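Have a look at the structure below, then the notes.
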Number of protein chains: 2
Amino acid sequence: MAETQPRLLADDIGFLLSRAGGMVLGAVNKALVPLGLKVRSYSVLVLACEDSAGVNQRSVAATMGLDPSQIVGLIDELEERGLVARTPDPADRRNRLIAATEEGHRVRDEAQELVDQAHSAYFGDLPAEVVAQLRETLGRIVFP
Amino acid sequence: MAETQPRLLADDIGFLLSRAGGMVLGAVNKALVPLGLKVRSYSVLVLACEDSAGVNQRSVAATMGLDPSQIVGLIDELEERGLVARTPDPADRRNRLIAATEEGHRVRDEAQELVDQAHSAYFGDLPAEVVAQLRETLGRIVFP
DNA sequence: TATTGTTATACTCTATAACTATA
DNA sequence: TATAGTTATAGAGTATAACAATA
């Protein structure tokens with residue numbers, strides 16, 4: 001029951017997780033500045049690239065853990081830049097399918113390089129198997 | 001070089017880390033509502049409990065990754081509730097040492113129980129060694 | 001001159017509710 | 001009536017600069 005005794009903040013796994021998440025988020029945001037993207041808009045772009053038929057905004061919001069209302073502005077911005085397109089879903093006209101344009105795919109590839117560079121500052125010194133284990137554990141937490 | 005090829009957002013370790021951090025942060029914030037605390041104020045309280053001589057606000061800010069100006073309000077609140085006290089540092093009167101009161105220690109103990117309960121929803125299903133490995137890896141990222 | 005704590009302010013992000021169009 | 005997308009808005013959090021007191 002070590003967890004129920006007084007514990008240093010530096011040993012608190014929730015603190016460590018939030019702090020590490022915030023550090024990486026901030027670093028990736030900085031890395032994406034040259035492309036005029038942030039983690040949020042980059043994430044939407046990546047999801048739009050994953051399905052050529054397009055994803056609806058509700059599922060984007062769910063994956064990112066945001067309210068659907070927050071997705072609207074992100075897509076507006078990407079659409080104005082010609083990186084994604086909203087197309088009405090013929091099967092259900094309430095849906096609007098978000099798909100990446102060719103330019104969107106190009107920008108996404110560039111962005112991922114910048115993201116990977118930023119990641120390497122945090123994960124680059126860790127053994128590959130430790131990073132793999134970290135990814136797997138986080139995956140189980142985020143998508144149980 | 002798998003990291004430089006198109007990758008699903010769900011496999012992006014930075015995304016997973018930020019997302020998991022946000023999830024746990026939100027859950028712990030909710031868990032602390034009954035005590036009138038948030039993760040931020042709880043973290044300050046924990047740090048104030050760690051050193052009976054008191055910690056200065058600069059080091060609190062550094063540990064939490066915040067600007068010192070953001071610490072002021074957190075401590076104001078804890079001080080008004082009688083959970084911590086600001087005492088001038090005799091050795092350097094620019095410093096104000098933040099130490100927890102007896103009541104502060106009591107509240108901290110209660111709070112940690114709530115925090116641990118919230119954590120168990122995310123980490124409770126993982127094998128103990130996986131959690132230990134996660135804590136160690138995150139520690140290396142946060143405090144390199 | 002440099003550092004600690006503080007205040008002020010502008011900016012971004014977040015949460016919530018309400019509206020429209022479709023089903 | 002229920003759902004997808006949208007708009008509006010108030011509140012919380014963030015970043016930055018400036019200031020007084022002390023070193």
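Letters go in sequence order (proteins before strands), and every chain restarts at 1. Values in this document were obtained by computation on a predicted structure and should not be read as measured data.
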Next item on the list: Answer yes or no: side-chain N or O of B:Arg94 and base N or O of C:dT3 forming a donor-acceptor pair under 3.5 Å.
Entry: yes
Next item on the list: Can you tell me the distance, in whole Å, between the CE atom of B:Met64 and the P atom of D:dA15?
Entry: 13 Å
Checklist line | 5' precedence on DNA chain C between B:Asp92 and A:Pro90 (nearest-nucleotide basis) | finding: B:Asp92
Check: Ignoring hydrogens and geometry, is there a side-chain-to-backbone donor-acceptor pair from A:Ser120 to A:Gln117 under 3.5 Å?
Finding: yes
Item checked: Under-4.0 Å salt bridge between B:Arg86 and B:Asp76 -> yes
Next item on the list: Give, ordered by number, those residues of residues 52-59 of chain B having at least one heavy-atom distance below 4.0 Å to an atom of DNA chain C; if nothing qualifies, reply none.
Entry: B:Asn56, B:Gln57, B:Arg58
Next item on the list: Give a yes or no answer on whether the side chain of A:Ser41 reaches the backbone of A:Leu74 with a donor-acceptor pair at less than 3.5 Å.
Entry: no
Margin query: Just N and O in the side chain of B:Arg96: are any of them under 4.0 Å from OP1 or OP2 of C:dT6?
Written below: yes
Note to self: For A:Gln70, is there any backbone N or O sitting under 3.5 Å from a side-chain donor or acceptor partner on A:Asp67?
What the structure shows: no
Next item on the list: Before giving the answer on salt bridge (Lys or Arg N to Asp or Glu O under 4.0 Å), spell out for A:Asp12 and A:Arg19 the whole-Å C-alpha distance, their side-chain angles and the decisive distance to 0.1 Å.
Entry: CA-CA 11 Å; A:Asp12 182 300; A:Arg19 185 90 168 76; over 6 Å; no
Next item on the list: Verify the neighbour count for atom CG of A:Asp51: are there more than 12 heavy atoms of other residues, nucleotides or ligands below 6.0 Å?
Entry: yes
Next item on the list: Enter the distance from A:Leu134:CG to B:Ile141:CD1 here, rounded to the nearest 0.5 Å.
Entry: 5.5 Å
Notebook entry, point to check: Whole-Å distance between D:dT7 P and A:Ile71 CD1?
Noted result: 14 Å
Notebook entry, point to check: Is there a side-chain polar atom (N or O) of B:Arg86 under 4.0 Å from OP1 or OP2 of C:dT6?
Noted result: yes
Next item on the list: Check the pair A:Arg7 / B:Asp116 against salt bridge (Lys or Arg N to Asp or Glu O under 4.0 Å), numbers first and verdict last.
Entry: CA-CA 11 Å; A:Arg7 147 186 13 108; B:Asp116 288 339; 2.3 Å; yes
Each nucleotide N or O in nucleotides 13-16 of chain C that has a protein N or O under 3.5 Å away: list the pair and distance.
residue: C:dC13; atom: OP1; partner: A:Lys38; partner atom: NZ; Å: 3.3
residue: C:dT14; atom: OP1; partner: A:Arg40; partner atom: NH2; Å: 3.1
residue: C:dT14; atom: OP2; partner: A:Arg40; partner atom: NH1; Å: 2.5
residue: C:dT14; atom: OP2; partner: A:Arg40; partner atom: NH2; Å: 2.2
residue: C:dT16; atom: O4; partner: A:Ser69; partner atom: OG; Å: 3.0

